[in-house]
> 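Questions regarding the structure given below will be posed in turn.
A, B, ... follow the sequence lines: proteins, then strands. Residue 1 opens every chain.
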Amino acid sequence: MDLGAAAFPVAEASVTVIESAPVGRRYHRLLLDAPDLSARSRPGQFFHLLCRDGGGAGPYLRRPMSIWRCGEGRPLGFLFHVKGKGTTALARLREGDALSVVGPLGHGFRLDPAWRRILIVARGVGLATLAPVTEAAAAMGIAVEAVLSARAEADLMAPEFAGASGAAITALFDADGGSDVEHVEKMLRARFAAARPDAVFTCGSNRLFLLLQRLAAEHGIPGQVALEQQMGCGLGMCFCCVRQVRDETGKVVNLRVCAEGPVFDLQAALAW
Amino acid sequence: MDLGAAAFPVAEASVTVIESAPVGRRYHRLLLDAPDLSARSRPGQFFHLLCRDGGGAGPYLRRPMSIWRCGEGRPLGFLFHVKGKGTTALARLREGDALSVVGPLGHGFRLDPAWRRILIVARGVGLATLAPVTEAAAAMGIAVEAVLSARAEADLMAPEFAGASGAAITALFDADGGSDVEHVEKMLRARFAAARPDAVFTCGSNRLFLLLQRLAAEHGIPGQVALEQQMGCGLGMCFCCVRQVRDETGKVVNLRVCAEGPVFDLQAALAW
Amino acid sequence: MVDLATRIGTLTLANPVMPASGTFGPELAQVFDLDRLGALVTKSVTPEFRAGNPLPRLCETEAGVLNSIGIPGKGLDHFIAQAMPEWRRFRAPLVVSLSAPTVASFADCAARLAATPGVAAIEANISCPNLEEDGRAFAMHPEPAAAATAAMRRAAPGMPLWVKLSPNTGDIAAVARAVEEAGADAVVVANTILGLAIDVETARPKLGSGMGGFSGPAFKPVALRLVWQCAQAVRIPVIGVGGIATGEDAVEFLMAGASAVQVGTASFVSPTAMLSVIEALEKFCARKGIARVAELTGAALPRAWREAAE
Amino acid sequence: MVDLATRIGTLTLANPVMPASGTFGPELAQVFDLDRLGALVTKSVTPEFRAGNPLPRLCETEAGVLNSIGIPGKGLDHFIAQAMPEWRRFRAPLVVSLSAPTVASFADCAARLAATPGVAAIEANISCPNLEEDGRAFAMHPEPAAAATAAMRRAAPGMPLWVKLSPNTGDIAAVARAVEEAGADAVVVANTILGLAIDVETARPKLGSGMGGFSGPAFKPVALRLVWQCAQAVRIPVIGVGGIATGEDAVEFLMAGASAVQVGTASFVSPTAMLSVIEALEKFCARKGIARVAELTGAALPRAWREAAE
Ligand SMILES: Cc1cc2nc3c(=O)[nH]c(=O)nc-3n(C[C@H](O)[C@H](O)[C@H](O)COP(=O)(O)OP(=O)(O)OC[C@H]3O[C@@H](n4cnc5c(N)ncnc54)[C@H](O)[C@@H]3O)c2cc1C
Ligand SMILES: Cc1cc2nc3c(=O)[nH]c(=O)nc-3n(C[C@H](O)[C@H](O)[C@H](O)COP(=O)(O)OP(=O)(O)OC[C@H]3O[C@@H](n4cnc5c(N)ncnc54)[C@H](O)[C@@H]3O)c2cc1C
Ligand SMILES: Cc1cc2nc3c(=O)[nH]c(=O)nc-3n(C[C@H](O)[C@H](O)[C@H](O)COP(=O)(O)O)c2cc1C
Ligand SMILES: Cc1cc2nc3c(=O)[nH]c(=O)nc-3n(C[C@H](O)[C@H](O)[C@H](O)COP(=O)(O)O)c2cc1C
Ligand code: FES
Ligand code: FES
């Protein structure tokens, strides 16, 4: 955790929804009035959200959600796939409703000021997790190239990804075969040859993760991956959210996505 | 049950709220668009309401609620005290929301066309249960006198009681001692002497019930009382809603408020 | 067209959905055609008149209810003379739930019910106190459960005999095996589990009689586990009950090894719940391309995984 | 000012609210000052390294959760060497939950914990499989429960010893009496109850290991009943746990006979739940004019009614 200076770095707080809007056919975004939490949040961290609609209906447990927008003086934002009970309740929230959040949680992405250029490979709503990296990189003068893969054009959400970062985006769609692993491999190899990135980042697809892991290893490029796992407590207490990760000695151990992650070293993480 | 002609006299139906409004400080009224159910409902019957606010939040079991307004071509209405979890959820419903109702249930009041004049004694929200009697009596040319007892003027709801029936209302308030049993007894005795009613009706207060039972017995006037009891099924299946009632032979038996009631003979019912 | 028929021993039901004892009565015919149910199950009948327990008899909890009704009723004579003619108006098979204070009384009553036209099966509610064992429920231990079952079996040889087990035992599989060996045709799993709620304002239990039986959706994970354990312990059919409110709930119970299901508390919240369960079961099978609902039975048991692995 | 202090044997806690084992860790210090709690309770420590159970390890139900975490951990040596220094940073008394596969191992581990500075009490989690009894949990029957308790009592004579009981037994009062006689200073009632959930799309249990432990608000009525039964069976303090999420829940458990309460699953939904419970308890007592929270203990038990009646 990036503990910062606060005595209690993680807050349980009730905050107000300032925007709630559908994005494309299957996604939704929420902006929250939470200046203190937004300022404390770092790209790659997440919040644990109590998914209760305005009337109080929703599933018993909280749902983990990556920070999509954050920063000093900006609303705290989430962008999510409306999938099951929890996200459906979240999507029913309206401007002015209260939302209980716990966070910021977990370890976020690490950006090295020495880097000149990074490459992001994201699929589906994985782009929500990586979106704040583009802005943070831009602010540090690091150029961002992104390869976004989606089912179809309506699911791409390129503006939601890039924000004001000016990232250069290549879009791949299932429909035209553009997102096939072989095709992506060819494309990435060409990129690596043309302008080798200083680091790679990924989230949202097991197949793209495996591909990027392999190519990055081959080219000796460091990388980071944000993993997902079902959560109970979100804080590191229940041990239900483990993923297999290789430790320094190469041994496979179970690490908690909420506490040791959600961002892991690209080569240490195992496929899921 | 007044079964009527329908194959299934009791419906489980989702109906639409057409009005939802507070009444005084502690009460609330709901009007529902349910033409068929409203036409089939009789004064003294009740519905079992699923108390879920617009968001689906509310207690697990339904809540029994007397019919306050009903009839051919009229909305189905309920008037209730906002008391606990269930009624709070009900009061949160808004115009256009759906409400699941089961009913009409139970045996209502019986009115004899030969009667000329009846007397109603109600306290608090008990008047909601007796309100439709005034209108039914008016329609049959039976004069209605009503004695309404309430904590304070704001809780009286005389217009909610009388509707368009033209009932003659005497109001009694706790504040000025008007609702003391001794005072009510004196008043009722004077009425009985001046213009003996053909029948008496009561709901809402154990003390007023006992008083009316005693006076009616003394004067040989038939009467009816609507009882309340906590319910599970509302249909007669669970036996949780029993009250002690004297059967024809004078033996005290447990009868189900939902199935044998909620309206019982004034002399047969026992105090609670 | 999905075949919804299910067999419980010699009895074939048109579909696997029926009410749970004590949460059902002919009164529900005011709401829908009861002949659409797989079977009808009466509230428990006792040999003698019983007034029932003190009030309040029911209280609400998080997603469930506690009850302590106390099996009020007018006794077996009255049941046979007055209630049976009413039940015979329905075509769906009638299961009479029977509760008695001694082994001998269980046997007597079973014989009388077996001689009553219109009784399709007896469901023995052995969760009641056993007067010969200090009031401990028959269903708590294998021996008294088997004794009651064997006595009923002898007294009513031809009559389908279901035995309803209790969650208030440390080893329900052992009880299930004991009643199977004693001649039961099916086990019904399970009755309510003992629970308690306290009114903090009065410092008294919320139910008039203190503890009560816990049921409803909150109880479902426990009931489902009991069905799963019994289905692996016996060869006779298991009838699942506890917290079932939706078609999906029913599918879970069937997959855990039940051949049929009972719906109890859910009917209080939605009197038409059983119809919804039947319709949803049919839709589920159709969507999954399952021709007979009976194929669902046990589909999630370890033995099914092993078979799938072979 | 309400006096919130509570006594568990020789140990006095500043207030009766503490976490339930396995749902708590030093990580919660990121959210609030853990020294505001009556005690700290570690997740169960086992003698050896354990990897834990297959995924998924948790699933949601109606108002509750099922878990099958499998007590992953690095073993007792690591706990004493690495975790204890971290725990010693807190001032609230530390209760170490201990789980072991044999009676001898329970005794060994208890002796080692008794020799470790900073351990205020041992909570023996005897719901784990007993390798000497075919894997049946110690807590299922009085004899093995008493054997484990007696062995720990001998191995760690001066150390406060709490024994955590399981709902998965037919007679928890008998188990409570047995561990009391074997020397326990308190019983913790109760661990999770066995439950199951099935994914109807895949026809597989929702938890990787099949059945799991059921906890949360849906479990509360059963846990409260277990506390009520144990409080009437033993003279040692009972610590209540199961579904507690609010101050009112805690009052119910105290009135049912508990001297303190533990909060488990509720902390997942609200990490500050324990603070809310402490504050609400204090407010409740103030409103009712109760000077000491300890007066609530047992206020709803039949013996309290009888005393009131006299
Ligand atoms: C650290 C982290 C960050 C995430 N960030 C985002 C994000 O920015 N946008 C987004 O759309 N999704 C994100 N997810 C996934 C998101 O948490 C799930 O989609 C969500 O929990 C689904 O809940 P549901 O009730 O709608 O779906 P259901 O399918 O009904 O959920 C059932 C259960 O499965 C769990 N679950 C289902 N899918 C996932 C998943 N992919 N990861 C973890 N648990 C899951 C739920 O939490 C719940 O416990 C993130 C997950 C993690 C762990
Ligand atoms: C046949 C019948 C007709 C009724 N008609 C009306 C009416 O027209 N207007 C009105 O305001 N109230 C009426 N009541 C009472 C109404 O049902 C209760 O006020 C309501 O159930 C309270 O629910 P709650 O969740 O808000 O309160 P809570 O106090 O939280 O309820 C807790 C439990 O107690 C039960 N309960 C509480 N008070 C009563 C009561 N007086 N009668 C029965 N059960 C109760 C609830 O149903 C619930 O099970 C009627 C009751 C019955 C039986
Ligand atoms: C109000 C009520 C009364 C009950 N009465 C009986 C009964 O008389 N006999 C019996 O065997 N079970 C009785 N039960 C238990 C149910 O038949 C069923 O086993 C239990 O409620 C679990 O199912 P459910 O969760 O679907 O309600 C009763 C349950 C309730 C809620
Ligand atoms: C995820 C999880 C892990 C648990 N691990 C343990 C454990 O290691 N040792 C133990 O004694 N109890 C364990 N428990 C049981 C709890 O301590 C507690 O007894 C139970 O959850 C009931 O309380 P609750 O409803 O407040 O959660 C665990 C419970 C959960 C939900
Ligand atoms: S969610 Fe509990 S440890 Fe990660
Ligand atoms: S409420 Fe069930 S019998 Fe009346």
> Quick check: are there more than 12 heavy atoms from other residues, nucleotides or ligands sitting under 6.0 Å from CD of E201(C)?
yes
> State whether the number of non-hydrogen atoms from other residues, nucleotides or ligands found under 6.0 Å of R88(C) atom CZ is greater than 12.
yes
> Within a reach of under 6.0 Å around NZ of K85(B), are more than 12 heavy atoms found that belong to other residues, nucleotides or ligands?
yes
> Crowded around Q267(B) CD? As in, over 12 foreign heavy atoms under 6.0 Å?
yes
> Give, for atom CZ of F268(C) and atom CE of M231(B), the distance between the pair rounded to the nearest 0.5 Å.
12.5 Å
> Is the CZ atom of R207(B) crowded by more than 12 outside heavy atoms at less than 6.0 Å?
no
> Take I69(C) and C240(B) through the side chain to side chain contact (heavy atoms under 4.5 Å, CB included) test and state the conclusion after the steps.
CA-CA 6 Å; I69(C) 307 288; C240(B) 91; 3.8 Å; yes
> To the nearest 0.5 Å, tell me how far T265(C) OG1 sits from L61(B) CG.
8.5 Å
> So which part of T23(C) gets closer than 4.5 Å to some heavy atom of chain B, the side chain, the backbone, both or neither?
backbone
> Tell me, with the steps shown, if V10(B) and L28(C) meet side chain to side chain contact (heavy atoms under 4.5 Å, CB included).
CA-CA 9 Å; V10(B) 176; L28(C) 199 59; over 6 Å; no
> Is it the backbone or the side chain of L55(C) that comes under 4.5 Å from a heavy atom of chain B, or both, or neither?
side chain
> With a cut-off of 6.0 Å (strictly less than), are more than 12 heavy atoms of other residues, nucleotides or ligands near CD of E282(C)?
yes
> Within the supplied structure, the quantity of interest is the number of heavy atoms (other residues, nucleotides, ligands) at a distance under 6.0 Å from R36(C) CZ; does it exceed 12?
no
> Supply the atom-to-atom distance R57(C) CZ to F239(B) CZ, rounded to the nearest 0.5 angstrom.
9.0 Å
> Rounded to the nearest 0.5 Å, what's the gap from OG on S267(C) to CD on E12(B)? Could you check?
9.5 Å
> Using heavy-atom distances under 4.5 Å, tell me whether L235(B) contacts chain C through its side chain, its backbone, both, or neither.
both
> Do C233(B) and F24(C) come within less than 4.5 Å of each other through their side chains, counting heavy atoms only?
no
> For R151(B), does the CZ atom have more than 12 heavy-atom neighbours from other residues, nucleotides or ligands under 6.0 Å away?
no
> Is P72(C) close to chain B through its backbone or its side chain, or both, or neither, when contacts mean heavy atoms under 4.5 Å?
side chain
> Report the distance from atom SG of C238(B) to atom CG of L58(C), rounding to the nearest 0.5 Å.
6.0 Å
> When rounded to the nearest 0.5 angstrom, what distance separates NZ in K206(C) from CD in Q230(B)?
10.0 Å
> Which pair of heavy atoms, one from M237(B) and one from G25(C), lies closest together, and at what distance?
SD-N, 3.5 Å
> Applying side chain to side chain contact (heavy atoms under 4.5 Å, CB included) between F8(B) and each of V31(C), D33(C), T272(C), report the one that passes.
D33(C)
> Taking side chain as everything from C-beta outward and backbone as N, CA, C, O, which of these in N53(C) sits under 4.5 Å from a heavy atom of chain B? Side chain, backbone, both or neither.
neither
> Between P217(C) and Y60(B), which heavy-atom pair has the shortest distance, and what is it?
CD-OH, 3.0 Å
> Report which part of V253(B) has an atom under 4.5 Å of a heavy atom belonging to chain C: side chain, backbone, both, or neither.
neither
> What pair of heavy atoms forms the shortest contact from E60(C) to P59(B), and how long is it?
OE2-CB, 3.3 Å
> Salt bridge check, E27(C) against R256(B): does any charged N sit closer than 4.0 Å to a carboxylate O?
yes
